[in-house]
Amino acid sequence: MPLLGVNIDHVATVREARKTNEPDPIHAAVLAEIGGADSITVHLREDRRHIQDRDVRLLREISRVGLNLEMAVSDEITKIALNLLPDQVTLVPERREEVTTEGGLDVKTHLARIRQCVDQLQGAGIAVSLFIDPDLSLIEAAKSLGVTAIELHTGAYADAQTTKETEIEFDKLREAGQFATAQGLLLNMGHGLTYRNVRRIAAIQGVHELNIGHSIVSQAVLVGFERAVREMKQLVTL
Ligand code: PXP
């Protein structure tokens with residue numbers, strides 16, 4: 001039964017739309033925990049477009065479930081992570097012009113740079129997960145870095161327009177997931193998952209945790225944060 005990681009970045013997106021102090025992602029984290037979240041995820045982007053340093057600091061203090069910090073392979077953010085010691089760091093690619101994280105990490109091209117960052121984080125006792133596309137050679141590269149987990153990018157599955165395309169993308173995730181767990185890696189998945197498309201992904205054998213943000217925050221605007229998380233938790237664990 002997969003765990004549910006709730007990404008609260010877009011609560012901060014609404015706050016930053018007015019550069020004010022509401023809604024507070026810290027309040028959302030508390031409600032997410034009450035709703036059944038198994039961990040809280042935030043992405044501290046280099047441009048600070050949503051989550052701010054203060055948010056991560058406070059979350060570290062108050063969160064009673066695990067804190068998963070998404071971050072780019074960047075010296076500045078690595079320093080912050082080493083200071084804060086989140087339970088897990090998920091390394092993601094980051095480009096300033098993108099709306100959201102568009103693709104997985106290119107682990108093979110940037111192996112040396114990623115290794116340096118992974119070693120620093122793991123040396124401080126932080127578990128590291130790498131956000132990658134469902135490609136076996138990327139999983140092998142991740143394994144060679146000694147990370148605890150990978151997070152398979154479910155965006156192509158979520159964005160598929162036809163049944164055929166959906167099946168192709170689903171099979172890629174299932175096969176890559178099987179390969180990753182056989183390598184002894186913890187298997188996380190996320191990006192673009194919604195109340196409509198999450199069930200099949202949650203049923204993939206060996207999935208450890210699903211990280212879901214935008215769809216939960218969207219539902220929360222209408223029904224409240226705690227209920228939105230509870231509804232997603234039911235779908236993930238059914
Ligand atoms: N996992 C990773 C690595 C991400 O970068 C994101 C987006 O911030 C998510 C999961 C959550 O994606 P979504 O907001 O589409 O649920």
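Each ligand, and each atom within it, is numbered from 1 in the order the structure gives.
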Ligand 1 contact on E151 by region, counting heavy-atom pairs under 4.0 Å: side chain

If you look at every heavy atom in V128 and V147, which pair is closest and at what distance? O-CB, 3.4 Å

Can you give me every donor-acceptor pair (side chain of residues 173-185, partner residue at least two apart or in another chain, under 3.5 Å) with its distance?
unit_1 : atom_1 : unit_2 : atom_2 : d
R174   : NH2    : D171   : OD1    : 2.7
T181   : OG1    : G177   : O      : 3.1
T181   : OG1    : Q178   : O      : 3.0

Looking at D9 and R49, is any side-chain nitrogen of the basic one under 4.0 Å from a carboxylate oxygen of the acidic one? no

I'd like to check whether G213 has a polar contact with ligand 1, where a contact means an N/O of the residue lying under 3.5 Å from an N/O of the ligand. yes

Any luck finding a side-chain donor-acceptor pair between T41 and N7 under 3.5 Å? no

Just to be sure I read this right, does ligand 1 sit under 4.0 Å from the backbone of H43, its side chain, both, or neither, counting only heavy atoms? neither

One finds that the ligand 1 atoms under 4.0 Å from a non-hydrogen atom of N7 are 8 (O)

Yes or no: does G192 have any heavy atom under 4.0 Å from an atom of ligand 1? yes

Looking at E33 and R64, is any side-chain nitrogen of the basic one under 4.0 Å from a carboxylate oxygen of the acidic one? yes

Given M189, E70, E94, H10, identify the one with the heavy atom nearest to atom 2 (C) of ligand 1. E70

Test of proximity, H214 against ligand 1: N or O pairs below 3.5 Å: yes

If the cut-off is 4.0 Å to any non-hydrogen atom of N211, which atoms of ligand 1 fall inside it? 10 (C), 11 (C)

With sequence neighbours left out, what residues match H27 under ring-ring contact (aromatic ring centres under 6.0 Å, His included)? none

